[in-house]
Amino acid sequence: EPEVTQTPSHQVTQMGQEVILRCVPISNHLYFYWYRQILGQKVEFLVSFYNNEISEKSEIFDDQFSVERPDGSNFTLKIRSTKLEDSAMYFCASSVLGGQEGLYGYTFGSGTRLTVV
Amino acid sequence: KQEVTQIPAALSVPEGENLVLNCSFTDSAIYNLQWFRQDPGKGLTSLLLIQSSQREQTSGRLNASLDKSSGRSTLYIAASQPGDSATYLCAVKSGGNMLTFGGGTRLMVKP
């Protein structure tokens, strides 16, 4: 069964450093997403990406965050200057379609655990 | 703004029991609802997807129902096994491209 692949599985970084989290979505999917889960809290939406641009973002996704699809397969989340409160599990997801339809669900990756020290 | 709540937050049952997990949402204008399983420190595994026009979906020992008008979904697990121990999350898609997640039900099935 096709999978969403995320690397690395765990990253430790110093406060103020830049990090890039990487994802390879399922090849025929058109919509890509980042979610995060702070320990003990709900999974929260960060951003959705379609046709090489952001289609929707949450209040969490401020100027410190950016996303990119640098080639035909990778999808990245960059955090420019990490803070302690950015420590969380970050999930990448993809879906065949998006927008106002409900035919297809989301496939999530196994996550990257980011620890900011 | 859509809010999703899951009750109970935690559940412990002996092996073999049938059980029901509950999910409620505040805005009934949803496109679909998806149930996920999350093992400790791991990713989200999709279990069942119910489209807004559907009433239920089944996969093996799992059955999920949806009552859009009352803003509720249930996940029924038949003949529970220790391997079913995990956190179960429901998420709704309502407007735009984002999923709104509940806080999950942490299930422990004791041998």
Side-chain angles (χ1 to χ4, degrees), chain A residues 1-7 9-10 23 26 29-51 53-61 88-113 115, chain B residues 1-7 9-10 23-55 57 59 62 64 66 68 73 86-106:
Chain A
E1 187 166 333
E3 291 183 341
V4 174
T5 305
Q6 288 188 245
T7 55
S9 58
H10 190 190
C23 168
I26 294 174
H29 286 189
L30 300 178
Y31 285 79
F32 316 119
Y33 313 87
W34 286 100
Y35 286 75
R36 79 173 185 188
Q37 185 179 33
I38 295 171
L39 188 64
Q41 298 187 20
K42 292 183 177 183
V43 177
E44 304 172 288
F45 169 76
L46 293 178
V47 65
S48 63
F49 191 86
Y50 170 72
N51 200 26
E53 60 183 26
I54 292 173
S55 56
E56 194 170 359
K57 61 182 181 179
S58 71
E59 295 173 351
I60 304 168
F61 195 87
M89 181 77 97
Y90 288 81
F91 294 109
C92 175
S94 66
S95 62
V96 173
L97 295 175
Q100 296 181 359
E101 64 83 37
L103 294 177
Y104 300 98
Y106 292 59
T107 302
F108 280 77
S110 55
T112 293
R113 180 168 298 285
T115 303
Chain B
K1 182 186 171 187
Q2 181 73 269
E3 298 283 345
V4 180
T5 304
Q6 292 186 245
I7 294 173
C23 172
S24 61
F25 45 94
T26 54
D27 184 350
S28 62
I30 68 169
Y31 298 113
N32 62 38
L33 184 147
Q34 201 164 354
W35 281 93
F36 294 92
R37 169 182 172 140
Q38 184 176 31
D39 292 285
K42 303 293 185 183
L44 307 177
T45 301
S46 180
L47 298 173
L48 289 164
L49 170 73
I50 310 178
Q51 297 167 28
S52 63
S53 59
Q54 297 175 325
R55 297 283 294 181
Q57 281 288 329
S59 175
L62 305 180
L66 174 64
K68 245 181 52 167
S73 175
T87 296
Y88 291 81
L89 301 172
C90 74
V92 300
K93 182 178 181 183
S94 51
N97 291 312
M98 58 182 283
L99 291 179
T100 303
F101 281 82
T105 293
R106 192 169 62 253

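In what follows, chains carry the letters A, B, and so on, assigned in the order in which the sequence lines appear, proteins first and then strands, with residues in each chain numbered from 1.
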field: Within 6.0 angstrom of B:Lys68 NZ, more than 12 heavy atoms from elsewhere
entry: yes

What's the spacing between [X] [atom1] and [Y] [atom2] if we round to 0.5 Å?
| X | Y | atom1 | atom2 | result |
| --- | --- | --- | --- | --- |
| B:Ser46 | A:Phe108 | OG | CZ | 9.0 Å |
| A:Ser95 | B:Lys93 | OG | NZ | 6.0 Å |
| A:Arg113 | B:Lys42 | CZ | NZ | 10.0 Å |
| A:Tyr104 | B:Leu49 | OH | CG | 11.0 Å |

message: Test of understanding: with salt bridge (charged side-chain N to carboxylate O under 4.0 Å, His left out), list the residues that count as partners of B:Asp27, not counting sequence neighbours.
response: none

field: Residue list, salt bridge (charged side-chain N to carboxylate O under 4.0 Å, His left out) with A:Glu56, at least two apart or on another chain
entry: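 Partners of A:Glu56 under the salt bridge (charged side-chain N to carboxylate O under 4.0 Å, His left out) test: none.
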
task: Using modelled atom types only, decide if a donor and an acceptor are shared between the side chain of A:Tyr35 and the backbone of B:Leu99 within a distance under 3.5 Å.
output: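 Flag set: sc A:Tyr35 to bb B:Leu99 pair under 3.5 Å.
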
field: A:Lys42 side chain to B:Val4 backbone, donor-acceptor under 3.5 Å
entry: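 Yes: the side chain of A:Lys42 pairs with the backbone of B:Val4.
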
query: In terms of heavy-atom proximity below 4.5 Å to chain A, should B:Gln38 be classed as side chain, backbone, both, or neither?
result: side chain

statement: So, the part of B:Leu89 with a heavy atom under 4.5 Å from chain A: the answer is side chain

Least distance between heavy atoms, B:Gly43 atom then A:Phe91 atom: CA-CE2, 3.5 Å

- prompt: Are side-chain heavy atoms of B:Phe101 and A:Gln37 found at a separation under 4.5 Å?
  reply: no

